[in-house]
Peer 1: 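Just passing along the structure, written as structure tokens.
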Amino acid sequence: MGETNMDMIKITIDNKVVEVAKGTTILKAAKDNNINIPTLCYFELAGMDIVNKPGSCRICVVEVEGRRNLAPACITECTPDMVIKTNTTRVLNARRTVLELLLSDHPSDCLVCPKSGDCELQNLAIRFGIREINYVGEQSTYKQDDSPSIHRDMNKCIMCRRCEMMCNEFQTVGALSAINRGFTAVVSPAFEEDLTLTSCTFCGQCVAVCPVGALSEINHTGKVLRALNDPTKTVVVQTAPAVRVAIGEEFGMAPGTIATGQMATALRKLGFDYVFDTDWSADLTIMEEGTELLNRLKKFLAGDKDVKIPLMTSCCPAWVNFFEHNFPDMLDIPSTAKSPQQMFGAMAKSYFAEKKNIKREDMVVVSVMPCLAKKYECSRDEFKVNGNPDVDYSITTRELASLIKLANIDFAALPESKFDDPLGESTGAGVIFGTTGGVIEAAVRTAYEIHTGKKCPKIDFEELRGLEGIRSATIDFDGLPINIGIAHGLKNARKLLEEIREGKSKFHAIEIMACPGGCIDGGGQPRHHGNSEIIKARWNAIYEADKNLPIRKSHENPSIIQLYKEYLGEPCGEKSHHLLHTHYFNKHNVFEVDLNKK
Amino acid sequence: MAKVKIKLRQEHIDIIKSICKKFDYKPGELINVLHQVQGEIGYLPAEVQELIAEELKIPVSKVFGVVSFYSFFTMQPKGKHPISVCMGTACYVRGAESILDEFQRVLKIGVGETTPDGKFSLTSLRCIGACGLAPVAMIGDKVYGRLCPDDVKKIIAEYND
């Protein structure tokens with residue numbers, strides 16, 4: 001070896017001398033050398049700017065020569081010539097004690113827990129061979145909290161604070177915070193209120209990262225089964241783009257497997273009368289949102305000072321909740337187009353129901369979504385007609401997998417089949433709605449051709465793709481440069497919104513998705529347990545699925561062309577406006593002077 | 001998810017806003033803001049915390065996190081005569097617990113609570129620096145030392161006008 005690199009230091013870990021970069025934690029050094037140290041509160045989604053290391057659970061302790069107490073590996077940085085032992089009796093005993101103490105204040109109803117089989121605490125108990133809990137004492141109890149999307153059972157909280165990190169740092173929503181101290185400390189909304197009374201957007205990222213059963217989705221599988229078994233109901237299902245590239249994981253298939261065909265077959269086996277696709281209504285969304293963008297642009301270029309530019313996408317219901325709570329002065333910036341889930345519901349219960357002569361109240365529309373906010377979205381009053389919702393039940397990818405398991409269907413062995421017509425026919429533009437950048441790329445593919453009247457020279461807009469939190473690109477619309485902004489993660493959305501508020505935004509159109517990577521890592525997806533390679537595999541699969549489709553532009557979808565011809569008329573026309581567009585509400589807290597108390 | 005309407009008296013809104021302004025709306029000054037607002041208003045009910053969060057542009061969950069962490073902060077209105085019983089080491093070993101118990105029994109309220117007529121509130125604290133007089137209690141700014149449980153009724157009677 002020649003010169004020594006000043007930034008590298010030598011350490012000894014489990015009798016092996018290794019070089020690590022300055023600032024490396026013991027946990028990282030161990031991992032890089034194939035030494036496994038158990039963790040619990042520690043959470044990282046590499047490449048997504050997401051890390052939680054409060055160093056509080058103490059499961060990852062190791063022995064460091066010359067140090068009196070054990071060191072938590074996740075937050076202790078390596079120092080030159082450090083001698084670390086990760087597997088001594090002292091370490092193993094300490095970890096066991098830590099785990100037993102955690103378990104002493106944790107319900108042991110694993111059999112009926114929504115997280116059973118996928119719980120990081122349960123996995124540790126298995127790994128440590130826990131057969132009895134030696135510490136008996138008081139158990140902390142909190143009220144159960146149900147919102148339209150999320151169930152909170154804080155008796156199971158282990159105070160890892162991952163949810164708090166996602167809610168505050170990644171989303172800047174701040175619905176959750178650590179409260180109280182000592183034994184009664186817990187993560188909770190202010191005043192231990194219900195989540196529905198907070199500024200929670202129901203993005204579900206708290207649920208996505210919770211290692212235990214404290215946070216889970218509101219489960220609608222029972223209601224779906226009842227509808228499927230009701231002979232008076234016609235049950236229609238739609239599946240979101242991101243579901244098909246993740247559901248295979250629940251059945252042992254490799255991350256990134258495109259299981260569209262197996263999923264359609266499974267849905268038929270479950271008894272759905274019509275197996276349709278949210279990708280179809282994603283194409284419809286492009287027609288409406290793309291037209292709205294072009295209309296606004298035309299006015300803007302003609303010098304209209306009142307027109308709102310940039311237009312922001314409105315597909316993501318957590319994002320909609322976010323601006324309704326935090327930017328009530330800017331409710332006219334986002335597109336008025338409903339999300340694909342809601343456009344589908346509105347069309348299924350009007351266009352399709354009329355076609356098939358099915359009464360609205362006899363039709364049940366189920367959506368399979370990678371998302372928890374979709375559960376809240378479909379319960380919103382403005383998406384109901386005389387109390388009957390356009391989408392009756394929204395279930396997650398995980399819930400669909402549990403239904404398939406319940407029905408004893410061998411998913412991986414299923415033959416592939418296609419969606420039904422006409423609400424099942426879709427394009428590559430619809431599929432890419434499932435990841436960050438996809439909605440705006442789909443919009444560009446269509447808006448370019450409508451605006452210029454020419455065929456777009458390319459289909460793949462690589463400049464709009466990627467997993468960086470904020471991205472931008474300028475697309476040349478045949479001489480007219482269109483500036484596009486893209487953000488995922490609501491903290492990034494907040495930055496772009498604040499720019500608009502200050503009049504500094506250079507964008508004409510902005511796409512926002514709340515979750516890391518977009519819907520592919522929605523709160524309803526199979527759990528990745530911090531492995532961002534899984535998210536990257538889903539991301540690749542989305543673009544693969546797009547490439548595999550014969551039609552890749554929304555305005556070329558024959559079923560959509562037919563829909564406008566025989567039912568809607570034109571995009572953003574009167575009928576579309578009534579059925580496919582919505583409005584937003586100010587959900588910000590209001591301060592009022594109480595005159596009675598004077 | 002309807003809009004939450006927050007009702008506050010105008011004079012309290014003004015006090016809270018001026019204190020937040022005094023600290024330049026810095027989120028890092030949250031504890032100081034809470035301290036002063038409690039000093040002015042007497043306690044920190046939910047509405048007050050909502051307004052402080054709004055002014056400092058931080059989530060109200062964070063404000064509540066701090067209020068619920070420190071025992072100094074209270075969400076209950078203090079009585080006209082706030083009673084604090086010292087539970088510091090010196091007072092404790094000289095029987096402070098029985099003094100506190102007696103206050104609870106006589107006033108029929110728990111620690112952290114206020115009598116329904118708003119006259120007395122009861123809290124415990126850690127050491128007021130009068131260890132030589134242990135066990136000690138304070139009512140308002142007045143210190144009572146070398147207490148025994150029998151004194152409690154007599155002291156309360158002083159304030160029953």
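Reckoned from all heavy atoms, side chains included, excluding hydrogens, waters and symmetry mates. Proteins get letters first, then strands, A, B, ... in listed order; numbering begins at 1 in each.
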Peer 1: For the NZ atom on B/K153, are there more than 12 heavy atoms of other groups (residues, nucleotides or ligands in this structure) within a distance under 6.0 Å?
Peer 2: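 No, NZ of B/K153 has 12 or fewer neighbouring heavy atoms, counting only those of other groups under 6.0 Å.
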
Peer 1: Need one label for B/L51: side chain, backbone, both or neither, based on atoms under 4.5 Å from any heavy atom in chain A.
Peer 2: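 Both backbone and side chain of B/L51 come within 4.5 Å of chain A.
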
Peer 1: Might you confirm whether atom NZ of A/K384 has over 12 heavy atoms from other residues, nucleotides or ligands at distances under 6.0 Å?
Peer 2: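 Yes, enclosed.
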
Peer 1: Would one find more than 12 heavy atoms of other residues, nucleotides or ligands at under 6.0 Å from atom OH of B/Y70?
Peer 2: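 Not more than 12 within 6.0 Å, no.
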
Peer 1: Go through the atoms of A/E164 and report whether side chain, backbone, both or neither lie under 4.5 Å from a heavy atom of chain B.
Peer 2: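 Just the side chain, heavy atoms under 4.5 Å.
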
Peer 1: To the nearest 0.5 Å, what is the distance between CD1 (B/I58) and CG (A/N168)?
Peer 2: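 Answer for the CD1-CG pair, B/I58 versus A/N168, is 10.5 Å.
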
Peer 1: Do you know which two heavy atoms are closest between A/A175 and B/S61, and how far apart they sit?
Peer 2: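 That closest heavy-atom pairing would be O-CB, 3.7 Å.
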
Peer 1: Look at atom NZ of A/K491 and say whether more than 12 heavy atoms of other residues, nucleotides or ligands are closer to it than 6.0 Å.
Peer 2: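 Yes, NZ of A/K491 has more than 12 neighbouring heavy atoms, counting only those of other groups under 6.0 Å.
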
Peer 1: Give the intermediate values and the outcome of side-chain contact (heavy atoms from CB on, under 4.5 Å) for residues A/F191 and B/E50.
Peer 2: CA-CA 10 Å; A/F191 321 121; B/E50 292 271 5; 3.8 Å; yes

Peer 1: Can you confirm whether more than 12 heavy atoms, excluding those of B/Y92, are under 6.0 Å from its OH atom?
Peer 2: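 No, not enclosed.
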
Peer 1: What's the separation between atom CD in A/E192 and atom OG in B/S68, rounded to the nearest 0.5 Å?
Peer 2: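 Those atoms lie 7.5 Å apart.
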
Peer 1: About how many Å separate CZ of B/F69 and CG of A/N180, when rounded to the nearest 0.5 Å?
Peer 2: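 One gets 10.0 Å once the value is rounded to the nearest 0.5 Å.
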
Peer 1: Working to the nearest 0.5 angstrom, can you tell me the gap between B/K62 NZ and A/L176 CG?
Peer 2: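 B/K62 NZ to A/L176 CG: 9.0 Å, rounded to 0.5 Å.
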
Peer 1: What do you reckon, is NE2 of A/H581 surrounded by more than 12 foreign heavy atoms closer than 6.0 Å?
Peer 2: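 Yes, the 6.0 Å shell around NE2 holds more than 12 heavy atoms from other groups.
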
